[in-house]
Amino acid sequence: MLEDPSAILTSTPEPLMDPFGRRIEYLRVSVTDRCDFRCVYCMSEDMTFLPKRDLLTLEELDRLCSAFVDRGVKKLRITGGEPLVRRDIMTLFGSLSRHLANGALDELTVTTNGSMLTRYAEQLAGYGIRRINVSLDTLDADKFRTITRWGDFGKVLAGIDAAREAGLKVKINTVALKGVNEDEIETLIEWAHGLGMDLTLIEVMPLGEIETQRVDQFLPLSQVRARLQERYTLTDLDYRTGGPARYVRISETGGRLGFITPMTHNFCESCNRVRVTCTGQLYMCLGQEDSADLRAPLRMSEANDRLNEVIEAAIARKPRGHDFVIDRRRNRPAVGRHMSVTGG
Ligand code: SAM
Ligand code: SF4
């Protein structure tokens, strides 16, 4: 006879909660710092990438993501650098898809520059991915080359087509760049909405050293919105995708437009997100330096006890928010790491 029946009950681990009562349900994981593009606001032309041994292996990435899923993460976004250039990356999507199948995870998704989608879209759909974000800042092939330095516009458009054909819902992410694509925002909206895709505009954030001054790139979305309102009827929506975007419906196109405004309107108060870099550093806030190393506990033992302790201690330090500033006097990035390191 059993001595104490409660002793054999495996207790469900507590969900992760930060000091401000925000439940951590959204994890973004960067699987590589490398990329086949060199977007001017994201990377410098001549980037030094990490040695391969510093990166988490695909097995370690699976273990790490699964540890977060066990602690209540419901949405997992794979990003980078360019996630789809990592060798054998489909193995990771394949193994993580078990969490979708058993209902632990609500959504597994990816942010990509689109260059590899002709190759991978169908497989992604097969693994249960329903929606993806594709970053595209212009519909002008020459401008595309100027912004991405190395990108192939035709390949990205073909990738978007392949994704839609595979049944993936595509959302377009566009970084609003002063004097570069600001005259194209309406064209991008009409193109995306014409194909049934949402479009989200993003303000440039001061992350990492690049060649240009941030202040020369920064276009406040409050200005873009005011301009759009002269032409379109915008209605605020309650619609949320778990991320920081705030959406409006444009009556004339019938489509949804999102605004991510870390600079002009701080989006921190409802932040339920944390990020892990490709080397296993956990960042509790995109705009702060504090981080916790998860690679050491992952490599130290096959059991997750130490890993869980480090994660808990880190979440207990999640700050209220960031304090990004872009101006001429402060010509230094808010944080030294590029977006491609922390993962967009
Ligand atoms: N390579 C993939 C892509 O471009 O979608 C995923 C990684 S990328 C770092 C993720 C997103 O971050 C992209 O939409 C990109 O435009 C955005 N991004 C990169 N650097 C940024 C910055 N300094 N400010 C705002 N957004 C940035
Ligand atoms: Fe690469 Fe994405 Fe950064 Fe562009 S934004 S350089 S595609 S990681």
Side-chain angles (χ1 to χ4, degrees), residues 28-47 49-50 77-86 89 109-117 120 131-138 143-153 155-156 159-160 163 170-178 180-181 188 192 198-221 243-245 258-264 267 273 275-278 283 286-287 322 324-326 332-344:
R28 295 185 174 219
V29 180
S30 171
V31 295
T32 176
D33 61 333
R34 287 162 201 254
C35 186
D36 50 347
F37 293 5
R38 291 288 180 281
C39 301
V40 289
Y41 49 79
C42 178
M43 293 195 181
S44 64
E45 184 144 29
D46 127 56
M47 292 284 286
F49 294 109
L50 295 161
R77 179 174 296 280
I78 303 300
T79 178
E82 175 46 44
L84 301 186
V85 301
R86 172 127 189 202
I89 190 64
T109 182
V110 60
T111 300
T112 171
N113 65 23
S115 70
M116 305 287 280
L117 281 174
Y120 290 134
R131 303 184 308 156
I132 62 170
N133 288 356
V134 180
S135 305
L136 182 66
D137 304 324
T138 178
K143 228 188 259 183
F144 183 83
R145 179 53 79 152
T146 311
I147 297 173
T148 63
R149 293 194 183 106
W150 295 6
D152 178 337
F153 182 60
K155 247 168 121 180
V156 172
I160 293 172
V170 177
K171 178 168 79 85
I172 302 295
N173 278 348
T174 301
V175 177
L177 297 163
K178 187 155 84 184
V180 178
N181 64 1
L188 278 156
D198 290 350
L199 183 131
T200 293
L201 298 171
I202 306 174
E203 282 176 346
V204 163
M205 289 173 267
L207 304 172
E209 294 286 355
I210 53 166
E211 284 87 352
T212 0
Q213 283 219 20
R214 294 285 177 194
V215 75
D216 294 330
Q217 298 181 328
F218 179 56
L219 175 63
L221 288 185
F259 294 91
I260 299 185
T261 56
M263 306 305 300
T264 53
F267 55 31
R273 294 174 290 287
R275 297 163 194 263
V276 177
T277 68
C278 53
Y283 281 94
L286 179 63
H322 67 68
F324 290 147
V325 180
I326 291 185
R332 268 187 311 112
V335 292
R337 53 187 199 279
H338 291 88
M339 186 77 146
S340 52
V341 174
T342 327

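Ligands are counted one by one from 1 in listed order, and the atoms in each one are counted from 1 as well.
- The closest side-chain donor-acceptor pair between T112 and E82 falls under 3.5 angstrom.
- The contact set between ligand 1 and G81, taken as ligand atoms under 4.0 Å from a residue heavy atom, comprises 1 (N), 2 (C), 6 (C), 7 (C).
- Only the side chain of V175 comes within 4.0 Å of ligand 1, counting heavy atoms alone; its backbone N, CA, C and O stay farther away.
- Looking at heavy atoms from C-beta onward, V156 lies in side-chain contact with F37 at the 4.5 angstrom threshold.
- By the criterion of a heavy-atom distance under 4.0 Å, both the backbone and the side chain of C39 are placed next to ligand 2.
- Test R28, R77, K171 against T111 for side chain to side chain donor-acceptor pair (under 3.5 Å) and you get one pass: R77.
- Of the candidates G151, C42, P83, S30, it is C42 that places a heavy atom closest to atom 5 (S) of ligand 2.
- At under 3.5 Å, not a single nitrogen or oxygen of D137, backbone or side chain, sits near a nitrogen or oxygen of ligand 1.
- At distances below 3.5 Å, at least one donor-acceptor pair connects side-chain atoms of R34 with backbone N or O atoms of L50.
- Atoms of ligand 1 found under 4.0 Å from any heavy atom of T79 (numbered from 1 in listed order, with element): 6 (C), 7 (C).
- Although no hydrogens or angles enter the test, the distance criterion places a donor-acceptor pair under 3.5 Å between the side chain of R149 and the main chain of M43.
- Taking the six-membered ring where tryptophan is involved, the planes of F153 and F144 are tilted, since the angle between them lies from 30° to 60°.
- Per-residue contacts place C42 under 4.0 angstrom from the following atoms of ligand 1 (heavy atoms of the residue considered): 19 (C), 20 (N).
- Side-chain atoms of N181 come within 3.5 Å of backbone N or O of D137 as a donor-acceptor pair.
- Looking at T112 against ligand 1, only its backbone comes within 4.0 Å, counting heavy atoms.
- Of all atoms in ligand 1, numbered sequentially from 1 with element shown, those under 4.0 Å from a heavy atom of M205 are 22 (C), 23 (N), 24 (N), 25 (C).
- Between E203 and ligand 1 there is a heavy-atom distance shorter than 4.0 Å.
- Taking all heavy atoms of F218, F37, Y41 into account, the minimum distance to atom 15 (C) of ligand 1 is reached by Y41.
- By the 4.5 Å heavy-atom criterion applied to side chains, W150 and D36 are not counted as neighbours.
- Judged by distance alone, the side chain of T174 and the main-chain N or O of L136 form a donor-acceptor pair under 3.5 Å.
- The closest approach between any non-hydrogen atom of G81 and ligand 2 is below 4.0 Å.
- Distance check, rounded to the nearest 0.5 Å: CG of L188 to OG1 of T138 gives 6.5 Å.
- Heavy-atom distances between G114 and ligand 1 stay at or above 4.0 Å for every pair.
- At under 3.5 Å, not a single nitrogen or oxygen of V204, backbone or side chain, sits near a nitrogen or oxygen of ligand 1.
- Here atom 3 (C) of ligand 1 lies nearest to S135 when heavy atoms of S135, C35, A176 are compared.
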